[in-house]
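Note that this is a predicted model, so its numbers are computed, not measured. Both counts, for ligands and for their atoms, begin at 1 and track the order of listing.
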Amino acid sequence: MEGRSCSFSRFLCYVLCLAAFCVIPSESAVKRYQFNVQLKNVSRICHAKPIVTVNGRFPGPTIYAREGDRVIVNVTNYAQYNLTLHWHGVKQFRNGWADGPAYITQCPILTGRSYVYDFNVTEQRGTLWWHAHIFWLRATVHGAIVILPKKGVPYPFPQPAAEFNIVLGEWWHKDIEAMENQANQLGIPPNLSDAHTINGKPGPLFPCSEKHTYTMEVESNKTYMLRIINAALNDDLFFNIAGHNMTVVEIDAAYCKPFTTRALLLTPGQTTNVLVHAAQAPGRYFMAAKPFQDAAIPVDNRTATGILQYKGVPTTITPIMPPLLAKNDTNFVKSFNDGLRSLNSAQYPAIVPLHIDRDLLFTVGLGKDPCPSCVNGTRFSGSINNITMSRPTVALLQAHYYKMGGVFKTDFPDRPTSTFNFTGAPPAANLGTKVDTRLSWIPFNSTVQLVLQDTNLLGVESHPFHLHGYNYYVVGSGVGNFDPNKDPANFNLVDPPERNTIAIPTAGWTAIRFRANNPGVWFMHCHFEVHTSWGLTMAFLVENGNRPEDSVVPPPKDLPPC
Ligand SMILES: *[C@@H]1O[C@H](CO)[C@@H](O)[C@H](O)[C@H]1NC(C)=O
Ligand SMILES: *[C@@H]1O[C@H](CO)[C@@H](O)[C@H](O)[C@H]1NC(C)=O
Ligand SMILES: *[C@@H]1O[C@H](CO)[C@@H](O)[C@H](O)[C@H]1NC(C)=O
Ligand SMILES: *[C@@H]1O[C@H](CO)[C@@H](O)[C@H](O)[C@H]1NC(C)=O
Ligand SMILES: *[C@@H]1O[C@H](CO)[C@@H](O)[C@H](O)[C@H]1NC(C)=O
Ligand SMILES: *[C@@H]1O[C@H](CO)[C@@H](O)[C@H](O)[C@H]1NC(C)=O
Ligand SMILES: *[C@@H]1O[C@H](CO)[C@@H](O)[C@H](O)[C@H]1NC(C)=O
Ligand SMILES: *[C@@H]1O[C@H](CO)[C@@H](O)[C@H](O)[C@H]1NC(C)=O
Ligand SMILES: *[C@@H]1O[C@H](CO)[C@@H](O)[C@H](O)[C@H]1NC(C)=O
Ligand SMILES: *[C@@H]1O[C@H](CO)[C@@H](O)[C@H](O)[C@H]1NC(C)=O
Ligand SMILES: *[C@@H]1O[C@H](CO)[C@@H](O)[C@H](O)[C@H]1NC(C)=O
Ligand SMILES: *[C@@H]1O[C@H](CO)[C@@H](O)[C@H](O)[C@H]1NC(C)=O
Ligand SMILES: [Cu+2]
């Protein structure tokens with residue numbers, strides 16, 4: 001079984017249950033895991049190298065919980081890097097202490113130390129994932145989080161015969177931290193990856209990889225659920241299976257209207273649950289993951305494959321390859337995203353804010369800042385409203401909770417300080433940015449509309465934006481510059497998709513809405529790790545409400561000191 005599940009806590013539950021005469025079965029449970037972060041030699045594509053893992057596994061162990069459960073993960077760091085873990089998409093209500101982005105909600109767990117992430121899983125069910133949230137360590141330090149509905153509550157779709165986790169990733173031959181440090185020193189992007197992977201395996205299109213192929217066995221006429229996670233660092237990925245359509249039923253741990261499609265698009269950070277009906281002639285079918293990139297940006301264009309294997313079919317048969325989508329198939333991506341709608345049923349309503357308290361417009365883009373020691377005297381930077389976030393040495397949530405001065409300012413601008421043709425011809429002189437730590441201050445329980453506007457100061461590109469602490473509704477998107485007079489008329493305020501990560505279209509914009517009912521300091525950033533490193537990040541400071549139950553809970557005693 002995964003991790004070390006809860007034999008002790010089960011025993012405790014049992015004792016407590018006996019004490020209560022077993023009249024009412026326990027509604028929620030405690031799920032305990034021990035995560036040992038440690039080096040492990042692994043061999044892929046003819047190369048062996050030590051990588052940082054959890055419990056020696058790549059991808060790492062799956063966390064299983066039901067909605068309403070409490071999850072307790074004791075993370076012990078035996079690796080040579082300081083690190084933190086993030087539970088991507090878990091809302092962490094009032095409990096930012098367990099969220100994990102380094103220097104935002106906590107300082108790192110030093111080598112030899114432990115920290116216990118203790119959180120409740122509330123008001124969400126589906127697939128999420130966990131990953132390291134410092135440096136580029138999440139390349140190998142990641143795994144799935146499976147949140148089942150409460151006991152006795154069925155899925156809002158037919159119960160599948162079985163479920164499979166499909167974790168998509170990126171693989172480098174070189175040591176990732178050495179590569180990252182070198183790139184940071186030179187101010188340039190690190191190398192592209194050398195492979196994509198499906199559950200840690202690149203598949204037989206790569207040399208020496210026959211035995212490193214993920215295979216999923218199915219029986220004819222049965223329906224299966226795939227829980228798919230894009231854990232790649234820098235690549236949006238298409239995913240499809242030869243001969244088999246997929247029906248999307250859940251995105252980012254929120255149910256959606258069933259949507260049948262021949263392929264999926266997942267940005268780094270996104271998760272998607274699909275139903276697959278094994279209704280083809282019994283055989284072997286490749287599943288493929290390959291990148292989407294519709295801007296003039298270099299990308300690792302290699303295809304990872306796994307095999308959908310019908311039971312009883314000889315494994316000597318060569319699998320059928322699915323048609324691959326073009327790297328720049330913008331139209332498919334648009335129609336796929338347009339097909340995703342919240343389920344919006346009586347049981348799972350979409351509660352979209354209709355009245356807006358805070359109307360925000362953030363420009364998102366790349367630039368170049370002075371760096372005397374870097375190549376050509378400049379380093380690449382990323383910025384939001386022209387601010388490149390400099391990470392403090394004290395965690396922002398601690399600074400906020402203990403009212404420490406001088407760590408951050410709360411004057412992050414609501415809109416760009418200079419307006420220009422955001423997606424038009426670049427004003428070539430404006431490539432510099434302001435490096436600072438400024439938070440966007442939001443009163444408790446306000447409703448927020450945020451338009452994320454791509455810019456082409458250095459070059460346009462789609463950016464997948466992830467918000468911690470919340471799901472949001474994606475109410476609209478478009479190409480070119482957002483028009484506040486015309487575009488809101490086309491917003492979907494009825495059943496927009498509910499997510500925690502969404503890609504801003506290349507040279508376009510995306511509008512999201514959420515109610516700021518979770519107090520704390522919440523990171524928002526591009527989920528391309530290369531851009532996170534360049535400071536394409538910011539944070540919201542959501543104030544406490546008036547009542548104690550609307551306030552940040554006290555920090556745990558073992559919170560790593562700064
Ligand atoms: C890991 O592999 C490298 C290269 O093959 C080798 O030098 C090293 O001794 C191995 N380490 C362990 C712990 O097996
Ligand atoms: C966490 O794990 C470490 C290493 O096994 C152990 O020393 C420590 O006591 C554990 N902490 C808790 C709270 O269980
Ligand atoms: C880990 O953090 C400590 C304290 O900030 C620092 O002294 C040490 O150099 C860091 N180690 C690494 C490998 O970055
Ligand atoms: C988790 O839920 C339990 C039981 O309701 C509660 O006692 C505890 O305070 C919650 N933890 C957090 C971090 O909110
Ligand atoms: C699958 O279902 C079809 C139609 O119901 C049936 O004709 C076929 O025999 C079934 N195949 C298997 C392997 O059960
Ligand atoms: C997949 O769906 C498309 C429509 O989206 C349909 O034309 C096609 O026949 C379906 N293929 C299979 C194998 O069901
Ligand atoms: C991947 O990119 C390389 C270099 O740009 C190109 O030579 C190659 O044909 C591409 N491969 C695929 C499968 O698109
Ligand atoms: C995609 O790229 C191909 C070849 O690189 C090019 O011919 C085609 O016009 C591009 N399509 C779009 C929609 O940009
Ligand atoms: C540095 O400048 C040279 C010459 O203009 C150019 O070819 C190269 O791409 C530049 N490198 C970077 C990383 O900007
Ligand atoms: C912005 O730039 C684009 C591309 O150059 C151009 O088509 C558009 O007309 C410009 N918009 C305005 C308002 O100037
Ligand atoms: C961003 O800020 C820098 C530094 O103050 C400035 O040089 C640049 O013109 C600004 N760019 C934009 C687009 O406002
Ligand atoms: C937040 O505001 C909504 C709408 O006014 C209200 O229904 C809800 O009770 C408020 N939540 C809290 C915790 O105050
Ligand atoms: Cu980005």
Side-chain angles (χ1 to χ4, degrees), residues 6 9 12-13 16 24 26-32 65-73 87 90-100 105-106 115-124 147 150 295-296 349-358 361 363 365 397 401 416 418-428 430 442-449 453-460 468-470 473 478-487 505-509 513-520 522 542-559:
C6 53
S9 66
L12 258 183
C13 290
L16 291 174
I24 305 159
S26 163
E27 264 293 311
S28 57
V30 179
K31 299 284 159 62
R32 284 179 196 272
R66 283 188 187 275
E67 181 183 350
D69 284 353
R70 178 176 174 192
V71 175
I72 299 179
V73 189
W87 317 89
V90 176
K91 289 178 191 166
Q92 303 291 7
F93 196 59
R94 302 165 53 211
N95 186 31
W97 310 111
D99 191 40
T105 61
Q106 68 165 102
Y115 176 48
V116 178
Y117 289 89
D118 183 346
F119 54 90
N120 294 327
V121 179
T122 45
E123 290 171 31
Q124 52 191 161
I147 306 168
K150 287 184 176 169
I351 304 172
V352 186
L354 300 177
H355 162 87
I356 296 302
D357 299 320
R358 287 294 291 279
L361 174 66
T363 57
L397 182 60
Y401 188 84
S418 68
T419 35
F420 55 98
N421 187 344
F422 301 123
T423 53
N430 277 358
I442 309 282
F444 178 73
N445 209 26
S446 348
T447 51
V448 180
Q449 173 173 295
Q453 172 71 59
D454 196 18
T455 65
N456 75 337
L457 289 181
L458 190 65
V460 285
H468 291 225
Y470 292 93
Y473 291 101
V479 291
N481 301 337
F482 174 69
D483 184 337
N485 298 315
K486 288 197 188 129
D487 289 320
T506 299
W509 56 270
R513 290 189 181 188
F514 61 99
R515 179 179 287 281
N517 56 6
N518 188 8
W522 302 110
V542 178
E543 268 304 341
N544 286 336
N546 292 327
R547 304 176 305 170
E549 60 267 39
D550 298 328
S551 303
V552 173
V553 301
K557 296 221 163 33
D558 62 340
L559 185 72

Tyr115: side chain to side chain donor-acceptor pair (under 3.5 Å) partners, not counting sequence neighbours: none
Mutual orientation of the aromatic rings belonging to Phe514 and Tyr470 [parallel < 30°, tilted 30-60°, perpendicular > 60°]: tilted
Ligand 12-proximal atoms of Arg547, by part, heavy-atom distance under 4.0 Å: side chain
Non-neighbouring partners of Asn95 that pass side chain to side chain contact (heavy atoms under 4.5 Å, CB included), sequence neighbours left out: Gln92, Trp97, Ala98, Phe119, Val553
Note every protein N or O atom lying under 3.5 Å from an N or O atom of ligand 4, pairing the names and giving the distance.
| from | atom 1 | to | atom 2 | distance (Å) |
| --- | --- | --- | --- | --- |
| ligand 4 | 2 (O) | Asn120 | OD1 | 3.3 |
| ligand 4 | 2 (O) | Asn120 | ND2 | 2.4 |
| ligand 4 | 11 (N) | Asn120 | ND2 | 2.9 |

Heteroatom proximity flag, Thr423 to ligand 10, N/O under 3.5 Å: no
Ligand 12 N/O within reach of Asp550 N/O, cut-off under 3.5 Å: no
Contact summary for Ile147 and Gln124, nearest pair of heavy atoms: CG2-O, 3.4 Å
Inter-residue atom distance Phe420.CZ - Thr363.OG1, 0.5 Å rounding: 5.5 Å
Atoms in ligand 10 flagged as close to Gly424, the criterion being non-hydrogen separation under 4.0 Å: 1 (C), 2 (O), 3 (C), 4 (C), 5 (O)
Backbone of His355 reached by a side-chain donor or acceptor of Thr447 within 3.5 Å: yes
Residues which pass side chain to side chain donor-acceptor pair (under 3.5 Å) with Asn481, listed by chain and number, not counting sequence neighbours: Asn421, Thr423
CZ on Arg547 to CZ on Phe444, rounded to 0.5 Å: 7.0 Å
